[in-house]
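Reminder, nothing fancy here: chain letters follow the sequence lines and each chain counts from 1. We use all heavy atoms of the structure for the numbers below, so side chains are in, but hydrogens, waters and symmetry mates are not.
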Amino acid sequence: MDKPYQPEQLEIQWQTQWENKKRYRVTENVQQKKFYCLSMLPYPSGHLHMGHVRNYTIGDVISRYQRLLGKNVLQPMGWDAFGLPAENAALQHKIPPAKWTHENIAYMKDQLKRLGFSYDWDREVTTCNPDYYRWEQWFFIKLFEKGLVYKKNAIVNWDPVDKTVLANEQVIDGKGWRSGALVEQREIPQWFLKITHYADELLQDLNTLTGWPEQVRTMQKNWIGKSEGVLIKFKVNSSRDSITVFTTRADTIDGVSFIAVSPQHPFAQKLALKNKSLQDFIDQCKNVSTAEAAQAVLEKKGIDTGLQVIHPLTKKTIPVWIANYVLMDYGTGAVMGVPFSDERDREFAEIYHLPILEHGEIDLQKIIALLVKKRVAERKTQFRLRDWGVSRQRYWGTPIPIINCKKCGTVPVPEKDLPVLLPSDMNTPDEFYKTSCPSCGKSAMREKDTFDTFIESSWYYARYTSPHQDHAMLDGRADYWLPVDQYIGGIEHAVLHLLYARFFHKLMRDLKLIHSDEPFTNLLTQGMVLKDGAKMSKSLGNTVDPKTLIDKYGADTVRLFIIFAAPPELGLEWSDAGVDGASRFLKRLWTFAHTFPTITKPISADKARQQLHEILSQIQFDYERKQFNTVVSGAMKILNLLAESDKTIQIEGLSILLRILFPITPHICAELWQASKLGDDIEKTSWPLVDKSALESTTQQFIVQINGKMRGSIVAVKDASEDVLQKAIYADPNLQKFIDGKQLRKIIVVPNKLVNLVMGE
RNA sequence: GCCCAGGUGGCGAAAUUGGUAGACGCAAGGGACUUAAAAUCCCUCGGAGCUAAAACUCCAUGCCGGUUCGAUUCCGGCCCUGGGCACCA
């Protein structure tokens, strides 16, 4: 009877049993309702951190809850195994990226298993393995054949000392993180995916994603940034050339006092060939990171080209400037400067003493019609979204399956030659990339670049449905499981990853690999785990290692604490003391289930049952809205209630309690279910139902407010009328002083809840 | 700079989204048990005022204003913190 709670022993015993029985392996079953629950796959950085623990605990709670509701639940796990940190580790510790990555995966997999997550490990995906990335290469070639892929020059951060391309993250205050050298923007040829071809559909379909947080939909909408405007042509007065600008505010055209072009604008480049001061200015603009944030906070700088254009309506001449705040990537890379109504233009005009011309309110549609008629403008829909550059000048990634032939140009690797394997040596000599052109047979070179790792994470959710399939990227099983019913991951992925995955889903649909429009029906964006108000990170030295906690308290306690501490979407402040509290609750539960203490003065059975089912009803509501922290509050309330109830309530209560806690703390609940002789296997039982008859009562408490302030309460019959309530209030001695000598102006009744008397003098 | 969130006791939070502000837990203080400690159990616990004590009164959900019988919740303006900004994942 006095068996102590020993979490480690019992948890490992249950985990072994689940693994041996392959309890969480699933197959397609059309008779049963499916539920695909997916957590964002981790990057194998070394150890699990608390953010992972939180993400995967939330996913496991949802999966186990859905299983108890009778669904066929798929919950897979895998590894986003390509990426920059493996290369950094290789440089630092002289370990090959592959070795480092696979060792990390082995360690982290053990940690996941020790937390008791109900994954179907038979579907594990590791993105750096050729059986995964070969299908990515195959898919890229399909897109190439469909014309959805192209190559063009694009700008990267160049470290002139280390002679390497830098990620934005590796540029600190405009300098290379290792060399400290001033970075330079450099143009190199790169591959692009035509995501802009899907811009309209990606925007429209946001309306169908009703299971997504509104804020994520808004962020994506703004990111795609559809705007209706016009292209306006400004003729150069000294030549036949013209400069075209894009604007959504054609109605401000009277206020144009200058034209500004980006330093990368072809016009600027051309003029600079013959003008050293322009060239110097353009070169100076290159010493900045390509990150938009870095460019947006730059001090505004510009240079007059000396060129003039003609205003299409007033025919006055206007100067053309090169300005560092004009982005080449948006619109035409040239803007009309309207300092009167545009803040950035005004700032620029004030620095360089350009005129600020007032303009009146003109009807936008009328002025567009006029400009179109005069043939100086045409309507244009512009997106902020740019095509996706997928080339990376890095070793540890999926090789781009393209061969560059001097005669035939870019030629895709034939399907039969896939996969193009990544060389095992990080410093592979150029000789290795020599090959022959599949088209003409002459000697040619393979692409050395690899893919952006966002490509791997854009379709892994689909690959889980077709494990071990080595004849196709996906098979018929994909349509059984997809779309994902519940996706869980950090809010930091609100735009990039989630937009790319939506894009890939539509591409796979158009290649007839799947037959749905969107990948993720419901999305939960989990908040970060913080300590002392800051994100837990190695650089801040404020990490808490899950392993130490699991060793000390057991997996159930860690899971319970992380669920209880905050609602899933909020940031979670780490607290060591809070973990003690969670552990204490499980010990109390353990002791209670083993003793069923006799209560000398139990509360009445009717009252106890009513409370029990009221709490259960709230818990049910909270599970559905995924506010799991208050599920735990409810569970604690139930245990508190059972500690002052009689035996029958205790038995019914424990049976409910173990089932509602099982998704959160599965090991202890499975154990106590057996120990309490409630049944054989808790996972084969059904979800507890609220007994509505227990909730019924004939009387009801009403809050009494006088002029909106709470002054007391009365008890009246359920659904009592206004008259009855008013009489009861006037008869209540405690409320007399608020009523005496005052006139009742109005009475407001919220049924079965509240009465507000509006009194005057 | 632009886009999106968040701000409630000493702390994490709750308030079924316009109707009792602070459920549940942590920390703290007091007590019981113990030779002692740990563990466990019981009590108190937003602030101020008034009380012998209770009752009671006022203030309080980042700041300022508005709508309403009634605002943590809705509207307008500010401040602070966090996430993203296309090569971190």
Side-chain angles (χ1 to χ4, degrees), chain A residues 40-43 45 80 82-85 156-157 165-171 213-216 218-219 221-223 225 290-298 325 329 343-344 384-394 452-454 457 490-497 499-500 525 527-528 530 533-535 561 564-567 569-582 584-585 587-588 591 617-618 621-622 625 627 629-630 632-637 640 701-713 734 737 745-748 750 753-759:
Chain A
M40 288 182 187
L41 86 177
Y43 177 79
S45 55
D80 187 17
F82 277 135
L84 206 45
V156 293
N157 299 308
V165 174
L166 297 177
N168 280 336
E169 160 185 84
Q170 297 171 317
V171 180
E214 192 60 44
Q215 54 156 319
V216 175
T218 306
M219 280 189 261
K221 180 173 174 259
N222 293 339
W223 184 266
T290 59
E292 191 184 301
Q295 293 176 39
V297 294
L298 282 181
Y325 73 97
D329 287 324
E343 229 171 273
R344 288 163 309 171
R384 205 187 78 96
L385 182 69
R386 311 194 295 255
D387 276 339
W388 178 9
V390 295
S391 296
R392 295 292 179 271
Q393 299 69 45
R394 315 215 184 282
D452 179 1
T453 57
F454 268 125
S457 56
I491 184 67
E492 66 273 22
H493 297 293
V495 177
L496 290 179
H497 161 62
L499 189 66
Y500 292 146
T525 50
M528 285 191 311
L530 311 165
K535 181 180 177 170
F561 169 73
F564 180 53
E569 306 212 321
L570 282 195
L572 184 153
E573 184 69 33
W574 188 260
S575 151
D576 291 335
V579 184
D580 275 329
R584 209 172 299 157
F585 171 74
K587 276 185 211 152
R588 278 181 62 207
T591 310
S617 159
Q618 179 66 47
F621 179 77
D622 288 341
R625 64 171 171 164
Q627 189 172 288
N629 57 324
T630 46
V632 177
S633 297
M636 288 169 169
K637 283 179 193 169
N640 290 344
Q701 189 195 39
F702 288 77
I703 298 303
V704 179
Q705 291 187 340
I706 312 288
N707 292 334
K709 281 194 175 170
M710 193 256 189
R711 296 299 184 185
S713 67
N734 292 328
K737 62 184 168 221
R745 291 242 168 95
K746 199 172 167 186
I747 179 163
I748 289 146
V750 182
K753 208 163 200 178
L754 175 141
V755 188
N756 185 16
L757 302 183
V758 185
M759 311 294 289

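- B:rU72 makes up no base pair with any nucleotide shown, lacking Watson-Crick or G-U wobble contacts both under 3.5 Å.
- Nucleotide B:rC58 is matched to B:rG47 when pairs are restricted to Watson-Crick or G-U wobble geometry with both distances under 3.5 angstrom.
- Checking B:rC24, B:rC87, B:rG19 against every side-chain atom of A:N168, the shortest atom distance belongs to B:rC87.
- Here A:R384 lies in heavy-atom contact (under 4.0 Å) with a base.
- Rounded to the nearest 0.5 angstrom, A:I491 CD1 and A:L570 CG are separated by 11.5 Å.
- Residue A:D329 is out of contact with every strand shown, counting any heavy-atom pair closer than 4.0 Å.
- Taking atom P on both B:rG76 and B:rG6, the two are 15 Å apart, rounded to the nearest angstrom.
- Here A:F454 lies in heavy-atom contact (under 4.0 Å) with a base.
- Atom CG in A:D452 sits about 9 Å away from atom C1' in B:rA86, given to the nearest Å.
- Checking side-chain atoms of A:R384 against main-chain N and O of A:W223 turns up a donor-acceptor pair under 3.5 Å.
- A:N640 comes within contact range of the sugar-phosphate backbone alone, with a heavy-atom separation under 4.0 Å but no base atom that close.
- Note on A:K587: nothing from the nucleic acid sits closer than 4.0 angstrom, heavy atoms only.
- Residue A:Q627 holds its CD atom at 8.5 Å from CD of A:Q618, rounded to the nearest 0.5 Å.
- Toward the 5′ end of RNA chain B lies the nearest nucleotide of A:A582, the other residue of the pair A:S391 and A:A582 mapping further downstream.
- Within the 4.0 angstrom heavy-atom criterion, no nucleotide atom of any strand lies near A:V495.
- Distance from the side chain of A:K637 is smallest for B:rC24 among the nucleotides B:rC69, B:rA89, B:rC24.
- Comparing B:rC41 with B:rU34, their C1' atoms sit 13 Å apart, to the nearest whole Å.
- When the P atom is used for both B:rU44 and B:rA52, the distance is 23 Å, rounded to whole Å.
- Distance CG (A:L84) to C1' (B:rA89): 10 Å, rounded to an integer number of Å.
- Contact check, A:T630 against B:rA14: no side-chain N or O comes under 4.0 Å of OP1 or OP2.
- For A:S457 and A:D80, the side-chain atoms include no donor-acceptor pair closer than 3.5 Å.
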What does the list of N/O pairs under 3.5 Å between the protein and nucleotides 1-12 of chain B look like, with a distance for each?
unit_1 : atom_1 : unit_2 : atom_2 : d
B:rC3  : O3'    : A:N222 : ND2    : 2.7
B:rC3  : O2'    : A:N222 : ND2    : 2.9
B:rC4  : O2'    : A:Q215 : OE1    : 3.0
B:rG12 : O2'    : A:A565 : O      : 2.3

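- Nucleic acid contact class of A:E569 (heavy atoms, under 4.0 Å, all strands): none.
- For the P atoms, the distance from B:rC2 to B:rC78 is 12 Å, rounded to whole Å.
- In this structure, B:rG30 is classed as anti because its glycosidic torsion departs from zero by more than 90°.
- Among the heavy atoms of the strands, none lies under 4.0 Å from A:H497.
- Here B:rA89 presents its P atom at 8 Å from CG of A:D80, a figure rounded to the nearest Å.
- Here B:rU35 sits opposite no nucleotide as a Watson-Crick or G-U wobble pair (both hydrogen-bonding atom distances under 3.5 Å).
- B:rC26: Watson-Crick or G-U partner is B:rG10, with both key distances under 3.5 Å.
- Panel note: side chain A:N629, backbone A:A565; no donor-acceptor pair is recorded below 3.5 Å.
- Counting to the nearest Å, the P atom of B:rC24 and the CG atom of A:D622 are 15 Å from each other.
- Below the 3.5 angstrom threshold, one finds no donor paired with an acceptor across the side chain of A:E492 and the base of B:rG83.
- Checking A:V579, A:D580, A:D576 one by one against A:F561, the side-chain contact (heavy atoms from CB on, under 4.5 Å) holds for a single residue, A:V579.
- Minimum atom distance to the side chain of A:A167 is reached by B:rC87, of the listed B:rA14, B:rA86, B:rC87.
- Between A:N756 and the choices A:M710, A:Q705, A:K709, the side-chain contact (heavy atoms from CB on, under 4.5 Å) rule is met once, by A:Q705.
- Rounded to the nearest Å, the gap between the C1' atom of B:rU68 and that of B:rC74 is 10 Å.
- Here the C1' atom of nucleotide B:rC58 and the CD1 atom of A:I706 are 18 Å apart, to the nearest Å.
- Among B:rG25, B:rA13, B:rC87, the nucleotide with an atom closest to any side-chain atom of A:P567 is B:rA13.
- Using a 4.0 Å heavy-atom distance criterion, A:Q393 is classed as a base contact.
- With salt bridges taken as basic N to acidic carboxylate O contacts below 4.0 Å, none links A:R625 and A:E569.
- Put simply, the side chain of A:F585 reaches to within 4.5 Å of the side chain of A:M636, judged on heavy atoms.
- Position along RNA chain B of the nearest nucleotide to A:K737 versus A:L754 favours A:L754 as the more 5'-ward residue.
- Remark: B:rG1 base-pairs with B:rC85. Criterion, Watson-Crick or G-U wobble with two distances under 3.5 Å.
- Atom CZ of A:R711 has more than 12 neighbouring heavy atoms from other residues, nucleotides or ligands inside a 6.0 Å radius.
- With rounding to the nearest 0.5 Å, the separation of CD in A:E292 from CG in A:D329 is 9.0 Å.
- With A:Q295 contributing its side chain and A:T290 its backbone, the two residues share a donor-acceptor pair below 3.5 Å.
- Note on A:R386: every side-chain N or O is 4.0 Å or more away from OP1 and OP2 of B:rA86.
- Using a 4.0 Å heavy-atom distance criterion, A:V171 is classed as making no nucleic acid contact.
- Listed nucleotides B:rU16, B:rG83, B:rG19 differ in distance to A:M528; the shortest reach to its side chain belongs to B:rG83.
- The phosphate of B:rA27 has OP1 or OP2 within less than 4.0 Å of a side-chain N or O from A:R584.
- Between A:R588 and B:rC24 there is no side-chain N or O to OP1 or OP2 distance below 4.0 Å.
- With C1' as the reference atom, B:rA14 and B:rU72 are 11 Å apart, rounded to whole Å.
- Taking only side-chain atoms of A:M710, from C-beta outward, the nucleotide of B:rC69, B:rA14, B:rU20 with the closest atom is B:rU20.
- In this structure, A:V156 reaches the bases: a heavy-atom distance under 4.0 Å links it to at least one base atom across the strands shown.
- Atom-to-atom, CD of A:Q618 to P of B:rA13 comes out at 19 Å; the value is rounded to the nearest Å.
- For the pair A:Q705 and B:rG18, the criterion of a side-chain N or O lying under 4.0 Å from OP1 or OP2 is not met.
- Taking atom C1' on both nucleotides, B:rA55 is separated from B:rG7 by 36 Å, rounded to a whole Å.
- With B:rG25, B:rC87, B:rG19 as the choices, the nucleotide that has an atom nearest any side-chain atom of A:R394 turns out to be B:rC87.
- Annotation: B:rA21 and B:rG70 have their C1' atoms spaced 14 Å apart (nearest Å).
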